[in-house]
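Notes for the one structure printed next.
The chains referred to below are lettered A, B, ... by the order of the sequence lines, with proteins before strands, and numbering in each begins at 1.
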2 protein chains.
Amino acid sequence: MARYAKALGHPVRVYIMQLLANQSCCYSGDLSQELPIAKSTLSQHLKELKESGLIQGQIEAPRIKYCVNSENWEEAKKLFKDFWSL
Amino acid sequence: MARYAKALGHPVRVYIMQLLANQSCCYSGDLSQELPIAKSTLSQHLKELKESGLIQGQIEAPRIKYCVNSENWEEAKKLFKDFWSL
DNA sequence: TTCGTAGTTCGTAAAATCACGAACAAATAT
DNA sequence: ATATTTGTTCGTGATTTTACGAACTACGAA
């Protein structure tokens, strides 16, 4: 729970997850264009999201596709659902 | 959203909020007994929860009663509910 | 008034976070 | 073979977080 919450504890990461929650997958480049941060900074945020388990990345040709990690996403969802009594 | 998530990004603070979610109010001393951390550390966590808006403290005789800040709690609840599509 | 209780604030230190540019790796395109 | 695109990793700082003990404040009890 705290691990997932921590991962969502930064506006950029919330933004990314909201995007992924809608379209389930995206490329780092897409994010890079929309967000006013350095590529390396973005990469770091993606890494943190990956380490939290919320997302996973798969190589696809020249770029990397980031997707929600469904299993952990559902786990987190349940934890938060219970936490907020939803 | 990120602000609330960040506040919940530590096990001790999650514990405190889970407790408060059930009984709505508690004293720092109660927490101090249950948690294996220094009083000052606990005080800091409570301060962060206060600054995030999730709780509020009111002086009551010699001790301080911490309660859920209902308004912000509901706001956070809604934000998370929407975020997770619950 | 003096003591004990409850809790905060201060000072300190170690670790983690956030952000950037530069250098790098891997694949594709020219 | 060289250049371009895509993204990671490295090195560096500034800031924040986490944690502790010690000192302090405020209140009630003896």
Check nucleotides 27-30 of chain C for protein N or O atoms closer than 3.5 Å to its own N or O atoms and list the pairs.
none

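- The side-chain contact (heavy atoms from CB on, under 4.5 Å) test applied to B:Q33 returns no partner, not counting sequence neighbours.
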Can you give me the N/O atom pairs linking the protein to nucleotides 15-17 of chain D at distances under 3.5 Å, or say none if there are none?
unit_1	atom_1	unit_2	atom_2	d
D:dT17	OP1	B:K6	NZ	2.8

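- No donor-acceptor distance shorter than 3.5 angstrom exists from the side chain of B:S32 to the backbone of B:G29, with no hydrogens or angles considered.
- Within the 3.5 Å criterion, the main-chain N or O of A:L8 finds no donor-acceptor partner in the side chain of A:R13.
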Side-chain donor-acceptor distances from residues 54-67 of chain B under 3.5 Å, at least two apart:
unit_1	atom_1	unit_2	atom_2	d
B:E60	OE2	B:Y27	OH	2.6

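- A search for salt bridge (charged side-chain N to carboxylate O under 4.0 Å, His left out) contacts involving A:D82 returns A:K78, not counting sequence neighbours.
- Near DNA chain D, defined here as any heavy-atom distance below 4.0 Å, the residues from residues 27-44 of chain B are B:I37, B:A38, B:S40, B:T41, B:Q44, listed numerically.
- Checking the phosphate oxygens (OP1, OP2) of C:dT17, no side-chain nitrogen or oxygen of A:H45 falls inside 4.0 Å.
- Taking atom CZ on A:R63 and atom P on D:dT8, their separation rounds to 13 Å, with Å as the unit.
- No more than 12 heavy atoms of other residues, nucleotides or ligands sit less than 6.0 Å from atom CD of B:E71.
- Separating the CG atom of A:L8 from the P atom of C:dC18 is a distance of 12 Å, rounded to the nearest angstrom.
- One interatomic measurement links the two molecules: CD1 of B:I64 to P of D:dC27, which rounds to 11 Å at whole-angstrom precision.
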